[in-house]
Amino acid sequence: MAIRKSSKLSQAATLKQIMKRCSSLGKKHGYDEDGLPVDVPKGHFAVYVGQNRSRYIVPISFLSHPQFQCLLHRAEEEFGFDHEMGLTLPCEEVFFRSLTSMIR
């Protein structure tokens, strides 16, 4: 019986190590345990803009701005919101930078 207990303990320890390694792999690739990007601060979100799909981090307060809402509506019509790439906005980078500098 003592042999079974120790083998169960070693299995549990092994599983724990595997889980630790898996979660640290996610962190190394830029995502935390919840699958969220580690480089996006709380209260912000990432968007992809322009032909090159440049990534920008914007505050969630932008969501209440009417022109940003219009851009989100166009994004929904053009791309939908159910894809893995992230939120892609249908505009040129110059326009996006202009809009975000105006909103701030």
Side-chain angles (χ1 to χ4, degrees):
M1 194 95 157
I3 294 172
R4 283 192 177 171
K5 274 190 179 179
S6 70
S7 70
K8 283 184 183 179
L9 288 176
S10 66
Q11 279 182 330
T14 303
L15 287 174
K16 206 173 199 178
Q17 286 177 340
I18 291 170
M19 293 300 288
K20 226 179 202 179
R21 271 185 267 152
C22 288
S23 64
S24 68
L25 282 175
K27 287 180 186 173
K28 287 179 185 173
H29 294 290
Y31 294 91
D32 66 10
E33 300 85 32
D34 299 321
L36 300 172
V38 294
D39 66 335
V40 179
K42 189 172 186 175
H44 292 73
F45 62 101
V47 294
Y48 297 88
V49 180
Q51 277 187 324
N52 296 327
R53 301 285 190 245
S54 298
R55 187 172 187 250
Y56 290 87
I57 308 297
V58 296
I60 59 171
S61 62
F62 282 18
L63 294 173
S64 62
H65 193 277
Q67 287 182 318
F68 198 83
Q69 288 178 356
C70 180
L71 198 52
L72 289 173
H73 183 68
R74 284 184 40 216
E76 180 183 25
E77 288 176 348
E78 192 165 326
F79 306 116
F81 289 137
D82 187 28
H83 53 90
E84 292 182 21
M85 165 99 183
L87 181 58
T88 303
L89 300 177
C91 65
E92 294 300 318
E93 285 186 69
V94 173
F95 173 79
F96 181 77
R97 284 194 300 263
S98 174
L99 176 64
T100 56
S101 67
M102 183 185 72
I103 293 173
R104 291 179 195 240

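The basis for the numbers below is simple: all heavy atoms, side chains too, and nothing from hydrogens, waters or symmetry mates.
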key: Phe96 and Phe68 aromatic ring geometry - parallel, tilted or perpendicular at 30°/60° bounds   = tilted
Straight-line distance of [X] [atom1] to [Y] [atom2], nearest 0.5 Å:
{"X": "Arg55", "Y": "Leu87", "atom1": "CZ", "atom2": "CG", "result": "11.5 Å"}
{"X": "Glu92", "Y": "Asn52", "atom1": "CD", "atom2": "CG", "result": "9.5 Å"}
{"X": "Ile57", "Y": "Phe45", "atom1": "CD1", "atom2": "CZ", "result": "9.5 Å"}
{"X": "Glu93", "Y": "Gln51", "atom1": "CD", "atom2": "CD", "result": "9.5 Å"}

request  = Check whether Val40 and Tyr56 end up in the same hydrophobic cluster, where Ile, Leu, Val, Met, Phe, Trp and Tyr are linked by side-chain heavy atoms less than 4.5 Å apart.
outcome  = no
key: Cluster check Val94, Leu89: I/L/V/M/F/W/Y, side chain < 4.5 angstrom   = no
key: Residue pairs involving residues 61-75 (criterion side chain to side chain donor-acceptor pair (under 3.5 Å); sequence neighbours excluded)   = His73-Glu77
note = On a heavy-atom basis, the closest approach of Pro59 and Arg104 is CD-NH2, 4.5 Å
query = Residues two or more places apart in sequence or in another chain: which of them pass ring-ring contact (aromatic ring centres under 6.0 Å, His included) with Phe95?
reply = none
